[in-house]
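Heads up: the structure comes next, in structure tokens.
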Amino acid sequence: MVLRIDDTDPARNVEGGEDALLADLEWLGIGFDEGPVRQSERAAQHAEAMERALGAGLAERDADGSLRLAGAGTTLARPDGTATYQLASVADDLALGITHVIRGSDHRPNLPVQQRIARALGGELPEVIHHGLMLGPDGKKLSKRHGHSSISQLRDEGFPAAAVRAYLDELGLPEHDVQLDVARLGRLAVDAIAAMPDEELAAAVEAPVEVVPALRGARSLLEAREYARLVVAPERTALGDDARLTLERFGELRRPAPEWLTSDEARAIVRELKAVGGDLRALRVALTGAERGPELASVLAALPRDEALERTS
RNA sequence: GCCCCCAUCGACUAGCGGCCUAGGUCACCACCCUUUCAAGGUGGCAGCACGGGUUCGAAUCCCGUUGGGGGCACCA
């Protein structure tokens, strides 16, 4: 597996583009054996290929000095002598001993041209497989408008890398274009978060390990982060007098219990409150400042005694 | 306009001439569980784009139509 950066056109190279690409690959956990090989650093090899193409009668010199594929008109080299993608990629495929290329179907029309160039260079093009393109949920070309239009955007939206990989694996190499299925991706994110070891999940949302059980129901890392915030640093909320009884009863149950509750002990307290007709919603709001969030028992288990009592007093 | 790909439930797919009354997963709907949201359990809805062939037999092979996509750069 060779990572090659096809940067033959300086005008189109984006500042930081390569780093962003590398970062995405690393995040996804996709490694490579060689590279990155930059085509911009292989001008000498490309010049050699031009000579051979000229010698084989494959290329013709234009009036302005550019090199064109005989008969077809495809440009192989610019007037300044730099190779275009068509020539450079074929020459490098051959030079690097590439055996297989997997690329999007937008490249399909290039196949016959590149096979022709490869033969003129005295070789044979690697085996090429084309796959369908990823479309937006509306069946149209993926764009910024859809959101989730790039790997880094998916990461920012809180999808775990494992979920994105699982989705890609599921897709395989479709022959036709494929619509991005956000719901499916979300489902895989739930599974991926559920499968994460405590330490990893804690690190991913920058939260203490004790709160991890409270994060388990989250559907995205963003949501998990929000859950963690509700446990660690909730907003203070004023509760009405009708909540008083439940909170007092909670205090009576919590005070004699250990500093940290096991999940069984936490569940037992919830069960007890439930049995006496306690207002669990009020307890939730007192503890997390929100009506919705992590499972109540897991919140109890994530808070030390004094903190829990303080929030409910 | 010209060239090239593709076509199964809403989505992603399994299917390579008889195991197809078309299977799975997600979504959706109902119910169960649960005094939050998820998760989990049970059940349900729903599809071979259309028209012709070939064959004893077609989702599967052939032709056409329609639809979708890609390409037609001194971009990659």
Side-chain angles (χ1 to χ4, degrees), chain A residues 4-14 17 39-40 61-69 72-90 103-114 129-142 163 166-191 193-195 213-220 223-224 226-227 230 246 267 270-271 273-285 287-288 290-299:
Chain A
R4 191 177 71 207
I5 310 291
D6 288 2
D7 55 352
T8 60
D9 186 2
R12 286 176 60 100
N13 285 337
V14 184
Q39 291 195 312
S40 57
R61 190 130 251 152
D62 220 40
D64 64 358
S66 63
L67 224 55
R68 300 195 178 241
L69 187 60
T74 305
T75 304
L76 300 179
R78 307 180 180 91
D80 66 3
T82 57
T84 65
Y85 160 78
Q86 297 290 166
L87 201 238
S89 68
V90 176
R103 46 150 74 146
S105 59
D106 50 334
H107 276 285
R108 198 183 300 274
N110 290 331
L111 188 60
V113 183
Q114 293 174 348
I129 292 169
H130 295 98
H131 62 255
L133 269 16
M134 180 75 78
L135 269 27
D138 56 359
K140 296 274 192 288
K141 227 172 172 174
L142 209 48
Y167 183 59
L168 258 18
D169 285 346
E170 225 170 59
L171 254 29
L173 295 174
E175 288 188 89
H176 51 270
D177 293 347
V178 153
Q179 292 183 36
L180 177 65
D181 188 345
V182 185
R184 180 65 185 145
L185 199 48
R187 186 72 255 275
L188 291 169
V190 171
D191 292 344
I193 291 173
L215 272 33
R216 288 304 180 180
R219 284 160 296 186
S220 79
E223 195 170 58
E226 171 63 9
Y227 281 10
L230 290 176
T246 298
R267 261 193 287 273
V270 172
R271 212 177 306 125
L273 280 171
K274 206 193 290 186
V276 299
D279 183 353
L280 294 180
R281 184 170 291 256
L283 179 58
R284 159 182 300 282
V285 172
L287 289 173
T288 66
E291 300 221 331
R292 291 188 168 181
E295 196 216 353
L296 194 50
S298 68
V299 174

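Letters A, B, ... are given to chains in the order of the sequence lines, protein chains preceding strands, and every chain is numbered from 1. Basis for what follows: all heavy atoms, side chains included, without hydrogens, waters or symmetry-related copies.
Contact of the A/His130 side chain with the A/Leu111 side chain is registered, since non-hydrogen atoms from C-beta on lie closer than 4.5 Å. Residues A/Leu273 and A/Leu280 meet the side-chain proximity criterion, which asks for heavy atoms closer than 4.5 Å. Counting heavy atoms from C-beta on, the side chains of A/Gln39 and A/Ser89 come closer than 4.5 Å. Looking at A/Leu69 and A/Gln86, their side chains never come closer than 4.5 Å, going by heavy atoms from C-beta outward. Side-chain contact between A/Gln114 and A/Tyr85 is present, with at least one heavy-atom pair separated by less than 4.5 Å. Counting only heavy atoms from C-beta outward, the side chains of A/Ile193 and A/Glu223 never approach each other to under 4.5 Å.
Rounded to whole Å, the P atom of B/rG17 lies 8 Å from the corresponding atom of B/rC61. For the P atoms, the distance linking B/rG51 with B/rA59 amounts to 13 Å, nearest Å. For the P atom pair drawn from B/rG40 and B/rA27, the interatomic distance equals 8 Å after rounding to whole Å. Across B/rC6 and B/rU13, the matching C1' atoms stand 15 Å from one another, rounded to whole Å. Across B/rC26 and B/rC62, the matching C1' atoms stand 36 Å from one another, rounded to whole Å. Taking the C1' atoms as reference points, B/rC3 lies 39 Å from B/rG18, given to the whole Å. One C1' atom belongs to B/rA46, the other to B/rG52, and the distance between them is 28 Å to the nearest Å. Atom name P, nucleotides B/rG67 and B/rA76: the rounded distance is 34 Å, in whole Å.
Atom pair A/Leu180:CG and B/rG10:C1' shows a separation of 15 Å (rounding to whole Å applied). Separating the CZ atom of A/Arg103 from the P atom of B/rC5 is a distance of 15 Å, rounded to the nearest angstrom. Atom pair A/Leu87:CG and B/rA76:P shows a separation of 11 Å (rounding to whole Å applied). The distance between atom CG of A/Leu215 and atom P of B/rU36, rounded to the nearest whole Å, is 19 Å. For the pair A/Leu76 CG and B/rC75 P, the computed distance is 12 Å after rounding to whole Å. The CG-C1' distance, from A/Leu188 to B/rU13, rounds to 13 Å in whole Å. Note: CG (A/Asp177) to P (B/rC12) measures 10 Å, nearest angstrom. If you measure from atom CD of A/Glu226 to atom C1' of B/rU36, you get 14 Å, rounded to the nearest angstrom.
Figure legend. B/rA27 is base-paired to no nucleotide; pairs are counted as Watson-Crick or G-U wobble with both atom distances under 3.5 Å. With a 3.5 Å ceiling on both atom-pair distances, the Watson-Crick or G-U wobble partner of B/rC56 is B/rG18. Partner assigned to B/rG40 is B/rC32, using Watson-Crick or G-U wobble distances below 3.5 angstrom. Here B/rA7 sits opposite B/rU66 as a Watson-Crick or G-U wobble pair (both hydrogen-bonding atom distances under 3.5 Å).
The side chain of A/Arg219 lies closest to B/rA38 when the candidates are B/rA38, B/rA76, B/rC4. Closest to the A/Asp6 side chain, of the nucleotides B/rA73, B/rG70, B/rA76, is B/rA76. The side chain of A/Asn110 lies closest to B/rA76, out of B/rC75, B/rU36, B/rA76. Looking at the side chain of A/Asp106, the nearest of the listed nucleotides B/rC12, B/rG70, B/rU36 is B/rG70. When distances are taken from the side chain of A/Pro109 to each of B/rA76, B/rG71, B/rC37, the shortest belongs to B/rG71. Closest to the A/Glu175 side chain, of the nucleotides B/rC6, B/rA38, B/rC75, is B/rC6. Taking the side chain of A/His176 as heavy atoms from C-beta on, and the options B/rC75, B/rU13, B/rC5, the nearest nucleotide is B/rU13. With distances taken from any side-chain atom of A/Leu133 to the nucleotides B/rG70, B/rC75, B/rA38, the minimum falls on B/rG70.
Among the atoms of the strands shown, none is found under 4.0 Å from any heavy atom of A/Glu223. Using a 4.0 Å heavy-atom criterion, one finds that A/Gly172 contacts no nucleic acid atom at all. Among the protein residues, A/Pro294 comes within range of the nucleic acid bases, having at least one heavy atom under 4.0 Å from a base atom. Note on A/Ser89: nothing from the nucleic acid sits closer than 4.0 angstrom, heavy atoms only. Across all strands shown, A/Leu111 has no heavy atoms under 4.0 Å from either base or sugar-phosphate atoms. Counting any heavy atom pair closer than 4.0 Å across all strands shown, A/His107 reaches a base atom.
In terms of phosphate contacts, A/Thr84 brings no side-chain nitrogen or oxygen within less than 4.0 Å of OP1 or OP2 of B/rC75.
Sequence order on RNA chain B of the closest nucleotides to A/Asp191 and A/Tyr85 puts A/Asp191 first from the 5' end. In terms of position on RNA chain B, the residue among A/Tyr227 and A/Val178 whose nearest nucleotide sits closer to the 5' end is A/Val178.
At a cut-off of 3.5 Å, with distance as the only test, a side-chain donor of A/Arg78 or A/Thr82 sits close to an acceptor on the other residue.
In this structure, A/Val190 and A/Arg219 approach most closely via the heavy-atom pair CG2-CG, 3.5 Å. Scanning all heavy atoms of the two residues, the minimum distance from A/Arg68 to A/Gly73 falls at NH1-O, 3.2 Å. Between A/Pro294 and A/Leu230 the shortest heavy-atom distance is CD-CD1, 4.0 Å.
One can find a donor-acceptor pair under 3.5 Å joining the base of B/rU36 and the side-chain atoms of A/Arg284.
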Could you go through nucleotides 24-31 of chain B and list every protein N or O atom that sits under 3.5 Å from one of its N or O atoms, giving the distance for each pair?
{"unit_1": "B/rU25", "atom_1": "O2'", "unit_2": "A/Arg184", "atom_2": "NH1", "d": "3.1"}
{"unit_1": "B/rU25", "atom_1": "O2'", "unit_2": "A/Arg184", "atom_2": "NH2", "d": "3.4"}

